[in-house]
Amino acid sequence: MSRSATRIARGAKEGESPNTNVSLVRGTLVALPTVRVIDRHQRATTFDLATIVGGKRAVVPVVALNMDLPIIKVGDDVTVLGHVRRRFFRVGARTQSVTELMVEHIVSGNKTARLEKLYAALTARVRETRSATASRDDD
C-alpha cells in the first residue's frame with residue numbers, strides 16, 4: 001500500500017495537500033422539511049432532494065443548520081450549494097452514521113438571478129482552491 005493512500009485513509013492534516021469538499025445538487029423536494037432542535041443552540045432543518053443520476057433516481061439527504069429556508073413545497077425544484085459530511089450518532093446501544101449535504105446556499109425554483117449568484121459562489125470557491133494549490137506549488 002502506498003504512503004499517500006494510507007495518509008488519506010487516516011485523514012490528511014490541514015495544510016498538507018490541496019483538498020476541497022464542495023457539492024452542488026439540483027433536485028426535487030421529496031417531502032416537507034423537518035426541523036429539530038439540537039443542543040438548545042442549533043436548529044437543524046432536514047429534507048431530501050430527488051435527482052436523476054445515470055437514468056436512476058437518487059435521493060440526497062440535506063441539512064441546513066440555523067438557516068431560514070425559502071418557502072418550498074413538495075415537488076419544487078431546489079438547488080443547494082454546500083459540502084458533504086458523515087455524521088455519527090447513537091441509537092440505543094448502536095452507533096449509526098449518515099452522509100449528508102450541509103447547506104451553505106440554497107435557491108428554490110428557477111430564479112435565474114439567484115441561480116447565477118449561486119454559480120458565482122461555486123466559481124469563487126473553485127478559484128480559491130486553485131490559487132491555494134498554485135501557491136503551495138510555488139513554495
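All residue numbers refer to positions in the sequence shown, counting from 1.
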Which pair of heavy atoms, one from [X] and one from [Y], lies closest together, and at what distance?
{"X": "N21", "Y": "H83", "value": "O-CB, 3.2 Å"}
{"X": "H105", "Y": "L118", "value": "CB-CD1, 3.2 Å"}
{"X": "L101", "Y": "G82", "value": "CD1-C, 3.8 Å"}
{"X": "M67", "Y": "V103", "value": "SD-CG1, 3.5 Å"}
{"X": "A44", "Y": "V63", "value": "CB-CG1, 4.4 Å"}
{"X": "K73", "Y": "L29", "value": "O-CD2, 3.3 Å"}

Answer whether the closest heavy-atom distance between the side chains of [X] and [Y] falls below 4.5 Å.
{"X": "T28", "Y": "D76", "value": "no"}
{"X": "L81", "Y": "Y119", "value": "no"}
{"X": "V25", "Y": "V62", "value": "no"}
{"X": "P70", "Y": "I106", "value": "yes"}
{"X": "F89", "Y": "Q96", "value": "yes"}
{"X": "T99", "Y": "V84", "value": "yes"}
{"X": "L49", "Y": "V30", "value": "no"}

*Can you sort out the partners of E104 under salt bridge (charged side-chain N to carboxylate O under 4.0 Å, His left out), two or more places apart, ordered by chain and number?*
R125
In one Ile/Leu/Val/Met/Phe/Trp/Tyr side-chain cluster, 4.5 Å: [X], [Y]:
{"X": "L115", "Y": "V22", "answer": "yes"}
{"X": "V60", "Y": "V80", "answer": "yes"}
{"X": "V98", "Y": "V91", "answer": "yes"}

Look at atom [atom1] of [X] and say whether more than 12 heavy atoms of other residues, nucleotides or ligands are closer to it than 6.0 Å.
{"X": "I71", "atom1": "CD1", "value": "no"}
{"X": "R43", "atom1": "CZ", "value": "yes"}
{"X": "R114", "atom1": "CZ", "value": "no"}

*Between T95 and R90, does any side-chain donor sit less than 3.5 Å from a side-chain acceptor?*
yes
*Just do the side chain to side chain contact (heavy atoms under 4.5 Å, CB included) check on E128 and V126 with the steps written out, would you?*
CA-CA 5 Å; E128 287 174 10; V126 170; over 6 Å; no
If you round to the nearest 0.5 Å, how far is [atom2] of [Y] from [atom1] of [X]?
{"X": "L69", "Y": "F47", "atom1": "CG", "atom2": "CZ", "value": "5.5 Å"}
{"X": "R86", "Y": "E100", "atom1": "CZ", "atom2": "CD", "value": "11.5 Å"}
{"X": "L24", "Y": "L122", "atom1": "CG", "atom2": "CG", "value": "5.5 Å"}

*Spell out, as yes or no, whether a donor-acceptor pair under 3.5 Å connects the side chain of T51 to the backbone of A58.*
yes
*Inspect the contact between K111 and D77 and indicate whether a charged nitrogen and a carboxylate oxygen are less than 4.0 angstrom apart.*
no
*Taking only residues two or more places apart in sequence or in another chain, which ones pass side chain to side chain contact (heavy atoms under 4.5 Å, CB included) with T34?*
T46
